[in-house]
Amino acid sequence: MGDCEPTAPELDGEEHLIAAAKYIVKALGSNKNLTDDARKTLAELGTQLSNMTVLNENKGDGISEIKDRLNAVEEKIMNWEEDRSMIWDSGPEEVSEYLNAVGEAQKLTERLENLCLNKDDDEYKLLQRAHDVLQKAMERLEEEFRHILMENRQPFEPEHMSFRYTEEDVVDGVSIISFGDESIEESLHRDSVSRASEEYIIDLINPEVIPELRGIVNLMSNLNYEQECYQVYTSVRKDALDECLFILEMEKLSIEDVLRMEWANLNSKIKRWVRTMKIFVRVYLASEKWLSDQIFGELGSDNQVCFVEPSKAAMLQLLNFGEAMSIGPHQPEKLPRILDMYEVLADLLPDIDALFSDEAGSSVRIECHDVLRRLGNTVRATFLEFKNAIASNASTNPFAGGGIHHLTRYVMNYIKFLTDYSETLNLLLKDHDAEDPNSLSPDMSPITEEENKRRNSSGRISPMAHHFQSIASILQSSLDDKSKLYKETSLQHFFLMNNIHYMAQKVKGSELRHIFADEWIRKQNWKFQQHAMSYERASWSSILSLLKDDGIQNPGSNSISRALLKERVRSFYLAFEEIYKTQTAWVIPDIQLREDLRISTSLKVIQAYRTFVGRHANHLSDKHIKYSADDLESYLLDFFEGSPKSLQNSSRR
């Protein structure tokens, strides 16, 4: 710029220019009639020659004026370099004077550049001074820009938002545990986190300084210093975003850190991640985007970079946690938490796509979609692993007392809990039955009216209903195998009665009813009733046979043998005492089922005993009657309590 020293080609050009001018003068002398185009061209040439003459005549005076003005501007700008206090902290008057000085330096620099100065001219050094003054001013504006951004940051307080969370929510939430833990029924619940669907804009910096920041950006951009603005803004806002994640208690974790973490700790961090994603995307990032638009909006499409660059690292940090969860082991206890992650990310996907809509944000969009896909694959794999875990849950010892097995409680409460995710599971399990070798259930009945509730619009059973029925079938198959560990046939049926009744009641009393339908419930009711009757036959048939007259007559006559009768009664008491000792240790957790089975047993046993004793009252004295019918009826109330007792120690006689 400003280098106008003629070169050899330029000298040749000047000779041609002189020759052309002489030709024009000669042509004008011989041609008195000019066309309009010729007159217009000659007029423009005359104006240009006039301007060049004036410029050369005034150049000396203009340089002197520029020098004086530059000295004044330089003094104002350099005074602030020596002061080092912040201009925007000193009041609007000082700010206005400084900005006027910068504007003046800009004008002087442009004026000197237009003079086409030679490098060897003294005036060229003046141009270099002007550039230096302007550079100093830009550096100072960069500092002021950073200072205003940092000093006017507003505190981020998520506890004041409508979907805040407490540490208690994080620590004391759902914990899906192993098959061997009975407490799962009480521990299962889903967090009630509100799903805010709209963005919520907050002030990340004091709104009063936004016009000041926008003014600095526009001024520096006009002087081609916008990159310096971008860098400062990106640095400051990136620190603010990191602080936001710190406030939300989202620490930076590598994939290896996540994979090594104990489940209790990981469970807490997943819950915090779900809440953080909602707040971070719909509140913080939405506000961050609004702020960058306010400050850089007049720069056009470039302003998107000022949002993407500072927020990209924080978003990728959060998505990295999701990726870690997607590649970890497919443990059934993690499924509800992974479903939470999938649902919140799917819910936020339109927001994220909108925030990172252009090319600058494409890496965030792509990573978000990829993590969502990975989480979906993990949900499917974990669900199928859950089914495999049920099928492979072998036992070597019978379950004490014939009660409700831990596996039954776990599975039924697990699938009951999963009904909260019906929409997501139906989406993710669709068209994946072929991957599941256990998907065909022998309990699937012909279509009935009740099944319409669990069918989709195409008339087919929903994917989740299909898989849940398959799970119930696999569970019953496993329970059949476990029942065979009991030596007593009566206890085998007792165990299956308990567990199938529990399954039916769990379905009947929950949202599972709409998935399994009434036909399935009726079938299970019939099953457990059959096992109850089989239990009674196996337990009491031989005992009740002692209360029949067969075999107690005297040989060769129909008269009753007192000796055989006394032996028969004594055998009945011994048998009753033995079954009392055994079956008081057995347990029926369901109060109504326990009462029903006691009544059914009592109707059979007590009635038979009362009839037998009454029929042979003339042959039996009081010393032969060890227990009255009322005694036996009272003793039956001790059955199925899970507390072994002995009539030898009983004090109720």
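Heavy-atom basis, side chains included; hydrogens, waters and symmetry copies ignored.
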**Q** Could R153 and E243 be called an ion pair, given the rule that one side-chain N must be under 4.0 Å from one carboxylate O?
**A**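 The answer is yes: the pair qualifies as a salt bridge.
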**Q** Do we see a donor-acceptor contact under 3.5 Å between the side chains of Y225 and Q135?
**A**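 Present: a donor and an acceptor within the cut-off.
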**Q** I need the K482 NZ to T396 OG1 distance, nearest 0.5 Å.
**A**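 Here the rounded value is 9.5 Å.
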**Q** Not counting sequence neighbours, which residues clear side chain to side chain donor-acceptor pair (under 3.5 Å) with Q231? List them please.
**A**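 By the side chain to side chain donor-acceptor pair (under 3.5 Å) rule, Q231 matches no residue at all.
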**Q** Taking ring-ring contact (aromatic ring centres under 6.0 Å, His included) as the definition, give me every residue that meets it alongside Y342, ordered by chain and number, with sequence neighbours left out.
**A**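 Per chain and number, Y342 pairs via ring-ring contact (aromatic ring centres under 6.0 Å, His included) with no residue.
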**Q** Walk me through whether E309 and T234 qualify under side-chain hydrogen bond (donor to acceptor under 3.5 Å, both in side chains).
**A** CA-CA 6 Å; E309 285 305 315; T234 297; over 6 Å; no
**Q** About how many Å separate CG of N377 and CG of L428, when rounded to the nearest 0.5 Å?
**A**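 The CG atom of N377 is 8.5 Å from CG of L428, to the nearest 0.5 Å.
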**Q** Establish, yes or no, whether a centroid distance under 6.0 Å links the rings of F307 and F296.
**A**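 No: the rings miss the under 6.0 Å criterion.
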**Q** Does one side chain, of K508 or Q505, offer a donor that lies under 3.5 Å from an acceptor on the other?
**A**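 No, no side-chain donor-acceptor pair sits under 3.5 Å.
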**Q** When the ring centroid of F383 is compared with that of H330, is the distance short of 6.0 Å?
**A**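 No: the rings miss the under 6.0 Å criterion.
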**Q** Apply side-chain contact (heavy atoms from CB on, under 4.5 Å) to D481 and list each qualifying residue two or more places apart in sequence or on a separate chain.
**A**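 Partners of D481 under the side-chain contact (heavy atoms from CB on, under 4.5 Å) test: K484.
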**Q** Roughly how far apart are Q476 CD and T408 OG1, rounded to 0.5 Å?
**A**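 That separation rounds to 9.5 Å.
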**Q** Can you list the residues that meet the side-chain contact (heavy atoms from CB on, under 4.5 Å) rule with S221, with sequence neighbours excluded?
**A**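 With sequence neighbours excluded, S221 shows a side-chain contact (heavy atoms from CB on, under 4.5 Å) to E226, L299, given in chain and number order.
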**Q** Calculate, to the nearest 0.5 Å, the distance between atoms CG and CG belonging to D347 and D351 respectively.
**A**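 Output value for this atom pair is 7.0 Å.
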**Q** Looking at CD of Q294 and CG of L213, how far apart are the two atoms once the value is rounded to the nearest 0.5 Å?
**A**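 Answer rounded to 0.5 Å: 11.0 Å.
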**Q** Among all residues two or more places apart in sequence or in another chain, which pass the side-chain contact (heavy atoms from CB on, under 4.5 Å) test with S85?
**A**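 Scan of S85 (side-chain contact (heavy atoms from CB on, under 4.5 Å), adjacent residues dropped) gives W80, D83, S90.
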**Q** Do we get R282 above Y200's six-membered ring, with its NZ or CZ under 6.0 Å from the centre and within 45° of the axis?
**A**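 Judged by the rule, R282 and Y200 form no cation-pi pair.
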**Q** So with a 6.0 Å cut-off around CD of E359, is the heavy-atom count from everything else above 12?
**A**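 No.
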**Q** State which residues pass side-chain contact (heavy atoms from CB on, under 4.5 Å) with S510; sequence neighbours excluded, sorted by chain then number.
**A**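 In terms of side-chain contact (heavy atoms from CB on, under 4.5 Å), with neighbours along the sequence ignored, S510 is linked to K416, L512.
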**Q** Quick check for you: to the nearest 0.5 Å, what is the distance between D353 atom CG and S357 atom OG?
**A**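 D353 atom CG to S357 atom OG measures 9.0 Å (nearest 0.5 Å).
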